[in-house]
Amino acid sequence: MESRTKSNPQLTRALCYANDGNQQGRSPSVIVIGGGMAGIAAARSLHDASLQVVLLESRERIGGRIHTDYSFGFPVDMGASWLHGVSNENPLASVIGRLGLPLYRTSGDNSILYDHDLESYGLFDMDGKQVPQELVAKVGEIFEAILQETDKIRQESSEDMSVLRGLSIVFDRKPELRLEGIAYKVLQWYLCRLEGWFAADTDAISLKGWDQEVLLPGGHGLMVRGYLPVVNSLAKGLDIRLGHRVTKVVRRYNGVKVTVENGKTFFADAAVIAVPLGVLKAKKILFEPKLPDWKEAAIADLGIGLENKIILHFENVFWPNVEFLGVVADTPYECSYFLNLHKATGRAVLVYMPSGQLAKDVEKMPDEAAVNFAFMQLKKIFPDASSPVAILILLLISFTFSSARKMNAFITNTLSKIHRP
């Protein structure tokens with residue numbers, strides 16, 4: 001990958017002269033704003049189509065919500081870490097295959113847990129007692145039956161409602177589906193995993209839209225060596241300007257003018273906007289003329305889900321050889337989920353992944369308190385757990401979903417192929 005903070009004079013001249021009226025024999029020029037997967041993919045396609053392309057990224061790295069950390073001495077994905085749809089239908093699969101990157105398969109198609117199959121799990125109650133697999137599987141069947149009942153409810157109603165409201169109606173209509181004791185707590189854990197998939201609580205997930213996302217076949221594979229090699233491969237040969245925070249985009253009669261924070265300007269025939277939703281919501285970029293009303297309405301109506309990662313690196317493995325560990329509780333908020341990277345990578349690493357309101361609450365904590373909170377969840381399972389020898393924290397993994405008022409469960413085409421955050 002060619003990554004520069006200084007301008008490429010040759011390309012800058014080409015962009016500046018793109019609109020001088022003497023355009024015969026010149027390739028069209030495009031400025032891509034945002035160096036996440038969407039921006040890099042757009043720039044790659046335009047570059048390969050022989051267009052002049054410059055990509056402006058505000059941070060000092062590319063990848064956006066894909067961020068592989070090497071501070072442990074080995075790769076750990078702080079953001080996206082799965083390939084959803086391990087098949088030829090997934091365009092990322094061919095890139096991963098060409099690079100020879102291994103995938104660890106965590107589930108097949110139609111997994112009730114989406115990115116995990118039940119064959120490799122460990123659920124525990126608050127006292128550290130493991131829940132029998134037979135009970136978890138049985139509750140899984142009931143959970144599927146409950147979801148089928150919610151489908152009937154949404155077909156009956158012309159108005160949308162939250163998944164939580166739909167579940168409440170199901171239990172009123174079908175009291176035999178209510179559970180008690182440890183089975184009830186396992187059901188709450190299933191809801192916790194549903195919330196983890198959407199990075200939002202059930203009261204913010206659309207009943208009409210929650211299952212409308214189209215998943216590619218082939219199941220789900222964890223990126224053993226991290227996603228950064230994929231990002232670097234797609235970015236190879238592109239003119240990328242790091243540390244270029246765009247503040248203004250002006251559409252002119254013969255192209256666009258883009259201004260960055262330090263006052264530098266870029267000119268081109270067109271611009272592709274691939275910045276995070278939060279940047280658009282915060283109006284960090286001034287558009288002239290202003291965006292159409294329908295675009296501004298869409299930006300306002302879209303919501304952002306949250307899922308955090310707290311990475312705990314231990315000297316030795318003291319947990320069972322399963323893909324994930326979970327703590328069942330009385331509410332989804334109290335449940336916990338740990339991804340076991342040792343199963344896939346051989347490293348003694350657990351990843352604590354809170355989502356929704358819990359993620360928001362964890363973000364409010366100082367780093368030390370957040371790490372202690374994650375470790376205390378682990379000690380509910382293993383009271384004698386040794387302290388981690390190293391820690392990584394990412395307290396803001398956002399991914400986009402429509403609001404409960406007008407939710408569409410399609411995240412984006414990119415995020416349907418890459419695990420949230």
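All values reported here derive from a predicted model rather than from experimental measurement. This chain uses plain numbering: 1 for the first residue, then up along the sequence.
Arg154 places a side-chain N or O within donor-acceptor distance of the main-chain N or O of Leu207, the cut-off being under 3.5 Å. Proximity of a side-chain donor or acceptor of Lys248 to a complementary backbone N or O of Ile285 within less than 3.5 Å is not detected. Looking at Asp127, its side chain never comes within 3.5 Å of a backbone N or O of Lys129 through a donor-acceptor pair. In terms of modelled atom types and a separation under 3.5 Å, the side chain of Arg347 and the main chain of Leu350 share no donor-acceptor contact. Put simply, the side chain of Tyr121 never gets that close to the backbone of Gly326: no donor and acceptor are under 3.5 Å apart. Under a 3.5 Å cut-off, the side chain of Tyr190 and the backbone N or O of Val136 do form a donor-acceptor pair. Side-chain N or O atoms of Glu296 include none that pairs as donor or acceptor with a backbone N or O of Pro292 at under 3.5 Å. No donor-acceptor distance shorter than 3.5 angstrom exists from the side chain of Gln377 to the backbone of Ser336, with no hydrogens or angles considered. Between the side chain of Ser29 and the backbone N or O of Asp269 there is at least one donor-acceptor pair closer than 3.5 Å. Using modelled atom types, no side-chain atom of Ser157 and backbone atom of Ile153 make a donor-acceptor pair closer than 3.5 Å.
Contact between Arg105 and Gly218 at its shortest, heavy atoms only, is NH1-O, 2.8 Å. Residues Gly226 and Pro229 come closest through the heavy atom pair O-CD, 3.4 Å. The two residues Asn90 and His84 make their nearest non-hydrogen contact at ND2-O, 3.1 Å. When all heavy atoms are compared, the tightest approach of Lys343 to Ser120 is CE-OG, 3.9 Å. In plain terms, the two heavy atoms of Leu216 and Ser87 that are nearest each other are CB-OG, 4.5 Å. Closest approach of His342 to Asn340, counting heavy atoms only: N-OD1, 3.0 Å.
A donor-acceptor contact under 3.5 angstrom links the side chains of Asp361 and Tyr333, judged on distance only. No hydrogens or angles considered: nothing links the side chains of Lys152 and Gln155 as a donor-acceptor pair under 3.5 Å.
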Could you go through the side-chain hydrogen bond (donor to acceptor under 3.5 Å, both in side chains) check for Tyr184 and Asp330 one step at a time? CA-CA 7 Å; Tyr184 173 83; Asp330 290 326; over 6 Å; no

May I have the step-by-step check of side-chain hydrogen bond (donor to acceptor under 3.5 Å, both in side chains) for Thr68 and Asp77, ending in yes or no? CA-CA 4 Å; Thr68 306; Asp77 273 324; 2.6 Å; yes

Take Gln188 and Lys185, measure what side-chain hydrogen bond (donor to acceptor under 3.5 Å, both in side chains) needs, and give me the verdict at the end. CA-CA 5 Å; Gln188 301 310 300; Lys185 295 179 180 180; over 6 Å; no

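With sequence neighbours excluded, the residues satisfying ring pair (Phe, Tyr, Trp, His ring centres under 6.0 Å) with Phe382 are Phe124, Phe318.
Side-chain contact between Thr259 and Lys264 is absent, with no heavy-atom pair separated by less than 4.5 Å. Using a 4.5 Å heavy-atom cutoff, the side chains of Pro332 and Asp201 are not in contact. Contact check for Met126 versus Val327: side-chain heavy atoms found under the 4.5 Å cut-off.
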Show which side-chain atoms of residues 38-45 pair as donor or acceptor with protein atoms under 3.5 Å away, not counting sequence neighbours.
from: Arg44; atom 1: NE; to: Asp48; atom 2: OD1; distance (Å): 3.3
from: Arg44; atom 1: NE; to: Asp48; atom 2: OD2; distance (Å): 3.3
from: Arg44; atom 1: NH1; to: Leu234; atom 2: O; distance (Å): 2.9
from: Arg44; atom 1: NH1; to: Lys236; atom 2: O; distance (Å): 2.6
from: Arg44; atom 1: NH2; to: His47; atom 2: ND1; distance (Å): 3.0
from: Arg44; atom 1: NH2; to: Asp48; atom 2: OD1; distance (Å): 3.1
from: Ser45; atom 1: OG; to: Ala41; atom 2: O; distance (Å): 3.1

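Screening Val272, Val258, Val260 for a side chain to side chain contact (heavy atoms under 4.5 Å, CB included) involving Ile33 leaves a single residue, Val258.
In summary, the aromatic rings of Phe338 and Trp319 are positioned with their centroids too far apart to meet the 6.0 Å limit.
Lys295 NZ: 12 or fewer foreign heavy atoms inside a 6.0 Å radius.
The cationic atom of Arg193 (NZ for Lys, CZ for Arg) lies less than 6.0 Å from the six-membered ring centre of Tyr337 and within 45° of the ring axis.
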